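Beneath this line is the structure, given in structure tokens, with notes to follow.
Owing to the predicted nature of the structure, the values given are computational and were not obtained by experimental measurement. Letters A, B, ... are given to chains in the order of the sequence lines, protein chains preceding strands, and every chain is numbered from 1.
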Amino acid sequence: MTESAPLLRQAPGSSHQGGLSFQVEGRDPGSPARAGRLQTPRGTVPTPAFMPVGTYGAVKSVTPHELRETGTSILLGNTYHLYLRPGHEVIEGLGGLHRFMGWDGPILTDSGGFQIFSLSAMRAVTDQGAEFRSHLDGSLHLLTPEKAIEVQASLGSDIAMPLDECPPGGAARGAVEAAMRRTTAWARRCLERARSLREQRGAAPALFGIVQGGVHADLRREHAAAIVSLGFAGHAVGGVSVGEPPALIHEIGALTGPLLPEGSPRYMMGLGRPQDLIRLIGSGFDLFDCVMPTRNARNGTLFTSGGVIHIKNEAHRRDPRPLEEGCPCQACRGYSRAYLRHLFLSREILGHRLNTLHNLTHYHGLVRSAREAIVAGRFAAWSRQTLARLDAGDGDD
RNA sequence: GGGGGCGUGGUGUAGCUGGUUAACACGCCGGCCUGUCAAGCCGGAGAUCGCGGGUUCAAGUCCCGUCGCUCCCG
């Protein structure tokens, strides 16, 4: 973990790496898929990796200790939410987000760009930044690219995301192009602010660039080139699964993944279902985050290698079996589907916890299997078989 | 014994002075959820209105009887 041999040969601005290094340890001969190791000052992340979403400084219903048990190696936190509550300066005063929430592993923070998009009813975006109203109390705030970096730095984030503009799936081409230009301009400002912070304080988060471009192949190519040229420590694809036809998710991934540098991490933002992760790993992506395993757990949808289980369904009322035979999670080790169904229908918080632990364990197990398959040189077969099981089953086999 | 109130889908209730396919909540069944305003959202099944009779073009909605529950007075 102390070794710091940056492999960002393609990235000219290696001074922006913020203590990160990334090694590719295995490649699939038939696709861009690779297995790697992302080293951060707070620990190593074997890739492909899934990042549970801890918006408010907590992965809902579970503790950091339990997250470790599910296989979590890196978390996602959120600038927008923590800035509004309790306030980044409060967290900074208490020793930073890691100490505040009791998680000592790496944290990647989202910039708030997605909230500008998803809370669109209460915002106005200009070149200066995004002016928005708090969803908590209606107060007015201005989030600039510089501010986004400052907030993430004071949280103590290990990997910060630049402020970007994420147009909705149905956006007109012109709007997508405008969002790209703005995202590029903001990316430069974010890099500059990170550089100056590093000079002032001696430390600043590593920064990943974000590629926009909507559903247009030429725009994705153009923006990938623009962002890659700026020398980020890693690269993300944003603006995916924001309302466009689902089939395009994989097309965008297949096109854009290989356009990003091989020597640094590739992050597909906000994805996805297990099927999506498998395909995107096949397109060369290393990092993912998504609310799906945690939110769906609380809403009663549980993931297994045979497909999805709706735990509230009548079919599970008297089912003594675990969700998935052999799953190492707390829920599968100790409880029946019938009991989990009962907890869900009774709205017991234990149900939310067990369901969340199961879904995260399943997600981490999935990407770990992908990693092992890549290292073993059998990713193509693994991918085909795993997808086939998901497509065939309903989880109740 | 006398007087009053109530009986509407599984449960609890709406249904104004009678007028199209009886509403709501919860429950039940099913689905959705992709950089979390989300322990959330959407949909479906389910009552002919205690029972019998009457008035009326038309009754859950008025009248009579009856059964059940309930309150008050003896």
Contacting residues from residues 289-302 of chain A, given that a heavy atom lies under 4.0 angstrom of RNA chain B: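 Residues of residues 289-302 of chain A under 4.0 Å from RNA chain B: A:Asp289, A:Cys290, A:Val291, A:Met292, A:Thr294, A:Arg295, A:Asn296, A:Arg298, A:Asn299, A:Thr301.
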query: Considering only heavy atoms, which members of residues 143-157 of chain A lie under 4.0 Å from some atom of RNA chain B?
result: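 Result for residues 143-157 of chain A: none.
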Could you tell me how far apart [X] ([atom1]) and [N] ([atom2]) are, to the nearest whole angstrom?
| X | N | atom1 | atom2 | answer |
| --- | --- | --- | --- | --- |
| A:Arg273 | B:C32 | CZ | C1' | 12 Å |
| A:Arg317 | B:G27 | CZ | C1' | 13 Å |
| A:Asp110 | B:C37 | CG | P | 10 Å |

- request: Classify the nucleic acid contact of A:Gly239 as base, sugar-phosphate or nothing, counting any heavy atom under 4.0 Å across all strands shown.
  value: base
task: Classify the nucleic acid contact of A:Leu108 as base, sugar-phosphate or nothing, counting any heavy atom under 4.0 Å across all strands shown.
output: nothing
Span that lies between the [atom1] atom of [M] and that of [N], in whole angstrom:
| N | M | atom1 | answer |
| --- | --- | --- | --- |
| B:G15 | B:G68 | C1' | 23 Å |
| B:G18 | B:C63 | C1' | 13 Å |
| B:G19 | B:A59 | C1' | 10 Å |

- request: Examine A:His358 together with A:Phe303 and report whether their ring centres are nearer than 6.0 Å.
  value: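 No; A:Phe303 has its ring centre 6.0 Å or more from that of A:His358.
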message: Quick check: on RNA chain B, is the nucleotide nearest A:Arg341 upstream (toward 5') of the one nearest A:Met269, or the reverse? Name the residue that is more 5'.
response: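 Nearest nucleotide further toward 5': that of A:Arg341.
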field: Nearest-nucleotide comparison on RNA chain B, the residue closer to the 5′ end among A:Glu314 and A:Pro167
entry: A:Glu314
Provide a list of protein-nucleic acid N or O atom pairs under 3.5 angstrom, restricted to nucleotides 9-11 of chain B.
none

task: Please report the closest heavy-atom contact between A:Leu197 and A:Ile149, naming both atoms and the distance.
output: CD1-CG2, 3.9 Å
- request: Could you check whether the rings of A:His135 and A:Tyr56 sit parallel, tilted or perpendicular, using 30° and 60° as the cut-offs?
  value: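 Aromatic pair A:His135/A:Tyr56 classed tilted.
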Among [options], the nucleotide that comes nearest once only the side chain of [X] is considered:
| X | options | value |
| --- | --- | --- |
| A:Ile210 | B:G35, B:U36, B:G30 | B:G35 |
| A:Ser118 | B:U34, B:C37, B:A39 | B:C37 |
| A:Asp276 | B:U34, B:C29, B:G35 | B:U34 |

- request: State, with a plain yes or no, whether a side-chain heavy atom of A:Ile107 is found less than 4.5 Å away from one of A:Met101.
  value: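 Result yes, sub-4.5 Å side-chain heavy-atom pair found.
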- prompt: Between the base of B:G35 and the side chain of A:Asn78, is there any donor-acceptor pair under 3.5 Å?
  reply: no
- prompt: Can we say A:Arg371 and A:Glu25 salt-bridge, meaning some charged N sits less than 4.0 Å from an Asp/Glu carboxylate O?
  reply: yes
